Amino acid sequence: MLAVQDKAGAATRLEAHDAPYHIGAVTLRARDLTKLTAYYRDAIGLKLLRDAPGLAELGAGGAVLVRLIEGAAQPTSAAGLFHLAILLPSRRDLANWLRHAATTGIRLEGASDHLVSEALYLSDPEGNGIEIYRDRQRQEWPRKPDGGIAMATERLDLDRLLAEAATGAYAGMPEGTGMGHIHLRVGDTAAAEAFYHGLLGFDVMVHYPGASFLASGGYHHHIAGNIWGSRGAGLRGAGEAGLDRFEIVARDTADFAAMRERIIAAGGKEADGVPSIADPWGNRLVLTR
């Protein structure tokens with residue numbers, strides 16, 4: 001579980017990782033491995049942790065967040081990755097990344113205040129969506145009358161955020177950065193809930209028009225699925241560009257065993273002690289600890 005230091009020097013945990021299960025490394029199939037590796041290193045600010053033939057692993061603080069593998073078939077189907085979401089430890093870290101984007105000409109596609117978080121949106125050179133965000137503390141999250149989490153999509157004041165950035169050259173994403181969530185393009189949100197909630201046990205947290213948000217441990221969402229551009233989509237083809245798989249990281253041995261049992265019962269497989277399963281659209285997840 002990733003921990004960062006607060007102003008007093010005490011260890012605090014990312015909100016997304018304070019749960020029985022959270023999202024780990026996301027693996028993408030690349031058409032141009034060299035170009036995509038350079039983008040996640042230079043534009044996004046991840047550190048190249050491993051560079052091998054046909055493979056690149058990038059992350060922060062020694063933790064792998066994005067894994068790139070060479071060799072991708074075309075075309076890419078409607079289902080798959082909507083975005084991977086990199087979670088920064090603080091608002092100042094988000095401001096520092098925004099300053100880096102502004103000074104280097106990285107084009108943003110959106111910027112939103114979701115009440116529980118503040119987020120910047122963009123895409124890599126191969127069209128994989130990326131969210132870079134920071135969470136508000138859990139006690140700050142607004143609640144609905146029934147106690148559920150209230151989320152929205154409001155305009156993020158970029159000038160105000162940028163005013164909090166440090167000066168000087170950008171040093172890259174800091175230690176304590178983690179993968180916060182993954183957002184998928186699915187063919188049907190009810191089927192997505194049946195799989196991720198009914199079979200795997202994630203809690204349904206929020207409904208948007210055309211989207212479902214699910215989580216473990218009371219987080220606002222670890223997994224989301226939408227039909228905004230993929231309604232009725234079928235199974236993805238083998239080896240397609242984009243999402244290859246993503247990790248679900250169990251907090252401890254008991255949580256690993258519980259999720260393993262769910263995965264196997266749902267028709268998943270296990271190889272070398274690593275359980276895995278694909279959702280109805282071929283988006284594959286692997287369980288780690």
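Fair warning: this is a prediction, and the values are worked out from it, not measured in the lab.
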Exercise for the section: Show the numbers, then the answer: is there a side chain to side chain contact (heavy atoms under 4.5 Å, CB included) between Thr153 and His114? Expected result: CA-CA 5 Å; Thr153 300; His114 293 301; 3.5 Å; yes

Practice task
Could you give me the CA-CA distance, side-chain angles and deciding distance for His181 and His222, then say whether side-chain hydrogen bond (donor to acceptor under 3.5 Å, both in side chains) is met?
Solution key: CA-CA 4 Å; His181 64 267; His222 289 107; over 6 Å; no

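Without hydrogens or angle criteria, Arg29 side chain to Ile69 main chain gives no donor-acceptor distance under 3.5 Å. A distance-only check finds a donor-acceptor pair linking the side chain of Thr177 to the backbone of Pro174 [under 3.5 Å].
Following chains of ILVMFWY side-chain contacts shorter than 4.5 Å, one can reach Val204 starting from Ile23, so the two form part of one hydrophobic cluster. A chain of hydrophobic side-chain contacts below 4.5 Å, direct or via other Ile, Leu, Val, Met, Phe, Trp or Tyr residues, connects Tyr208 to Val116. Val64 is not connected to Leu48 by any chain of hydrophobic side-chain contacts under 4.5 Å among Ile, Leu, Val, Met, Phe, Trp and Tyr, and they are in different clusters.
Side-chain atoms of Tyr40 and Asp124 form a donor-acceptor pair, as typed in the model, at a separation below 3.5 Å. When only modelled atom types and interatomic distance are considered, Tyr219 and Asp18 share no side-chain donor-acceptor pair under 3.5 Å. Between the side chains of Ser112 and Glu154, not a single donor N or O lies within less than 3.5 Å of an accepting N or O. No side-chain donor from either of Asp203 and His197 sits under 3.5 Å from a side-chain acceptor of the other. Under 3.5 Å, the side chains of Asn128 and His83 contain no donor-acceptor pair of N or O atoms.
Each of Glu140, Glu118, Glu164 was scored for a salt bridge (Lys or Arg N to Asp or Glu O under 4.0 Å) with Arg134, with one residue passing: Glu118.
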